[in-house]
Amino acid sequence: MSKHVYIKTFGCQMNERDSEIMEQLLAQSGYIPVADQTDADLVILNTCSIRAKAEQKVFSLLGSLRKQKQGQPELRIAVAGCVAQQEGKQIFRRMPHVDIVVGTQQLYQLPEMLGRLERKETAREISCNLDKEFSIPPFQRLLKDDAPNQPADFRKFVTIMQGCNNYCSYCVVPTTRGREISRPVADIREEVQLQVNRGVKEITLLGQNVNSYGCTNPVAENPTGFADLLKMVAAVPGVQRLRFTTSNPQDLSTELMQCFRDLPNLCPHFHLPVQAGSNAVLKRMHRKYTRELYLEKVEELRSYCPGIAICTDVIVGFPGETEDDFALTMDLLERVRFHGSFSFKYSDRPHTRSAEFTDKVEEQVKGERLQHFQSRQDAISLERNQEFLDKKIEVMIESNTSTGTQGRTGSNHIVHFSTPTNLRPGDLAWVTITRAGQHSLKGELAPPEAS
Ligand code: SAH
Ligand code: SF4
Ligand code: F3S
């Protein structure tokens, strides 16, 4: 009898990619994915610990799974990802109904761990060691039993590096994902090629700090920098769209910025987290750039690619952030006029330096600052989106149903339109923008652009 797995993913795209990998590995052990946790024999929570709220969500879901397990004692519950890495066996103590805790580098062991449980060799399984020499196994191993009839998604993530060495003072990632390690170029090229052969049109390269790709490459004779890697991937025939995330402003090179001018399939969208607009705050965050350097980089980027959509991450209420510091963040928002941003209230995280800082900002003040930032960002996003009005833009189709068609621009904007044609996800189409909202655009199908 086949077994069913439900995987719930929290957090970043790296976790999304890891969930796909777990799904593929488990398919080889006969697990079929289901969309409802109540239909599952195995529930995996692939968790995120980046902010206190993210972690709370995991524990409240685990609480509700306890009830499900009372009525379904054979249900297996696994906790993977960054909370698993951070909490380790504490999870069993807090949540005794959990069967498996699997760390961020151990997801490849999941089938063996489940096998031992099924054979009743062990009552519980845990594997959470972080290995300095860890390397992501080559992708072909995962693909060999991939259901051949199942069409690949039109877009895929390709992880190019693991971990982070930056130690921003507020961030758990260096402890949950370990030391920064770049994957060998040959593995990345092969994975991209395999994905394209399966019909994938858009590739997003993933790393916490892609700009330092290659600095930590275990293959020392292969000192490829990120810009070179990007050029190599862009040149793989069939890669129609290429994106990457995330980039740290501190080592954003001119060579990388020029890729936006020189590589036609590199999408004109750049996620460049600034975190704060005050140099004093940036310094205590251990971000190794200044607001001036950030603004220079934005200007240089726009000189190579004037239409590029720049997005960012911002933390408000970092310990010691004064009204004047926050005003500098608002000022930076006005100067850059980001197309969009993700903004968060600072929260203390385990084993981070800023958790020890004593000058914490009050919750209420953090809330007010967040609201202030977000309402101004919303207004700017709307104005930015209005710049698209009457323009003819190429979109990649994401869905096409009787209720409407959704596509995405290279700049990462969602466009809703309708079409009588049989466009499929991954197809490209031209659309004239007729309406602009804060979070999406509306348009009409236009004749293709002459190339
Ligand atoms: N590697 C990326 C960020 C990954 S984490 C970079 O260097 O920019 C995603 C975002 O979560 C961060 O950019 C930051 O804005 C936010 N974040 C991280 N730790 C946080 C904390 N302790 N409190 C609030 N927000 C946090
Ligand atoms: Fe965290 Fe900083 Fe690394 Fe980003 S660069 S993952 S914020 S430590
Ligand atoms: Fe969250 Fe871990 Fe990603 S903490 S943001 S899932 S690297």
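As a basis for the values below, the full set of heavy atoms in this structure was taken, side chains included, without hydrogen atoms, waters or symmetry mates.
One side chain, Ser247 or Asn211, offers a donor N or O that lies under 3.5 Å from an acceptor on the other. Using modelled atom types and a 3.5 Å distance limit, the side chains of Gln162 and Gln105 yield no donor-acceptor pair. Between the side chains of Asn165 and Arg179, at least one donor N or O lies within less than 3.5 Å of an accepting N or O. Under the 3.5 Å distance criterion, with hydrogens and angles disregarded, a donor-acceptor pair is assigned to the side chains of Gln193 and Asn197. Side chains of Ser411 and Thr409: a donor-acceptor N/O pair is present below 3.5 angstrom, by distance only. Asp378 and Ser381 form no side-chain donor-acceptor contact under 3.5 Å, judged by distance and modelled atom types alone.
Rounded to the nearest 0.5 angstrom, Asn129 CG and Gln85 CD are separated by 8.0 Å. Distance check, rounded to the nearest 0.5 Å: CD1 of Ile315 to OG of Ser347 gives 8.5 Å. Here Arg287 contributes atom CZ and Ser169 contributes atom OG; the two are 10.0 Å apart, rounded to the nearest 0.5 Å. Taken from CG in Leu423 to CG in Leu428, the straight-line distance is 9.5 Å, to the nearest 0.5 Å.
Side-chain contact between Cys82 and Arg177 is present, with heavy atoms from C-beta onward closer than 4.5 Å. The closest side-chain heavy-atom distance from Lys8 to Leu65 is not below 4.5 Å. In this structure, Arg76 and Glu118 have side chains that are not in contact, with every pair of non-hydrogen atoms separated by 4.5 Å or more. For the pair Tyr31/Pro111, no side-chain contact is recorded, criterion being any heavy-atom separation below 4.5 Å from C-beta on. Within the 4.5 Å cutoff, the side chain of Cys48 has no heavy atoms near those of the Met14 side chain. Between Tyr213 and Val185, some side-chain heavy-atom pair lies under the 4.5 Å cut-off. For the pair Arg369/Tyr346, no side-chain contact is recorded, criterion being any heavy-atom separation below 4.5 Å from C-beta on.
Evaluated for a salt bridge (charged side-chain N to carboxylate O under 4.0 Å, His left out) with Asp99, the options Lys120, Arg116, Lys69 yield exactly one hit, Lys69. A side-chain hydrogen bond (donor to acceptor under 3.5 Å, both in side chains) with Asn166 is found for exactly one of Gln250, Gln208, Glu180, namely Gln250.
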side-chain contact (heavy atoms from CB on, under 4.5 Å) between Gln275 and Tyr289, intermediate numbers included: CA-CA 11 Å; Gln275 312 300 359; Tyr289 52 87; 4.1 Å; yes
Check against salt bridge (Lys or Arg N to Asp or Glu O under 4.0 Å), Asp41 and Lys3: CA-CA 6 Å; Asp41 306 291; Lys3 293 162 286 181; over 6 Å; no
Trace of the side-chain contact (heavy atoms from CB on, under 4.5 Å) decision for Val200 with Asp153: CA-CA 6 Å; Val200 171; Asp153 220 350; 5.6 Å; no
Using residues 50-62 as the side-chain source, report each donor-acceptor pair under 3.5 Å to any protein atom, sequence neighbours left out, with the distance given to one decimal.
| from | atom 1 | to | atom 2 | distance (Å) |
| --- | --- | --- | --- | --- |
| Glu55 | OE1 | Gln86 | NE2 | 3.2 |
| Glu55 | OE1 | Arg349 | NH2 | 2.6 |
| Ser60 | OG | Lys57 | O | 3.2 |

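Few gaps surround CD on Glu383; more than 12 heavy atoms of other groups in view lie less than 6.0 Å from it. Enclosure of atom CD in Glu74 by more than 12 non-hydrogen atoms of other residues, nucleotides or ligands within 6.0 angstrom is indicated.
Nearest heavy-atom pair across Arg241 and Glu394 is NH2-O, 3.3 Å. Shortest non-hydrogen contact noted between Phe357 and Pro319 is CB-CB, 3.8 Å. Closest heavy-atom contact between Val210 and Ile160: CG1-CD1, 3.9 Å.
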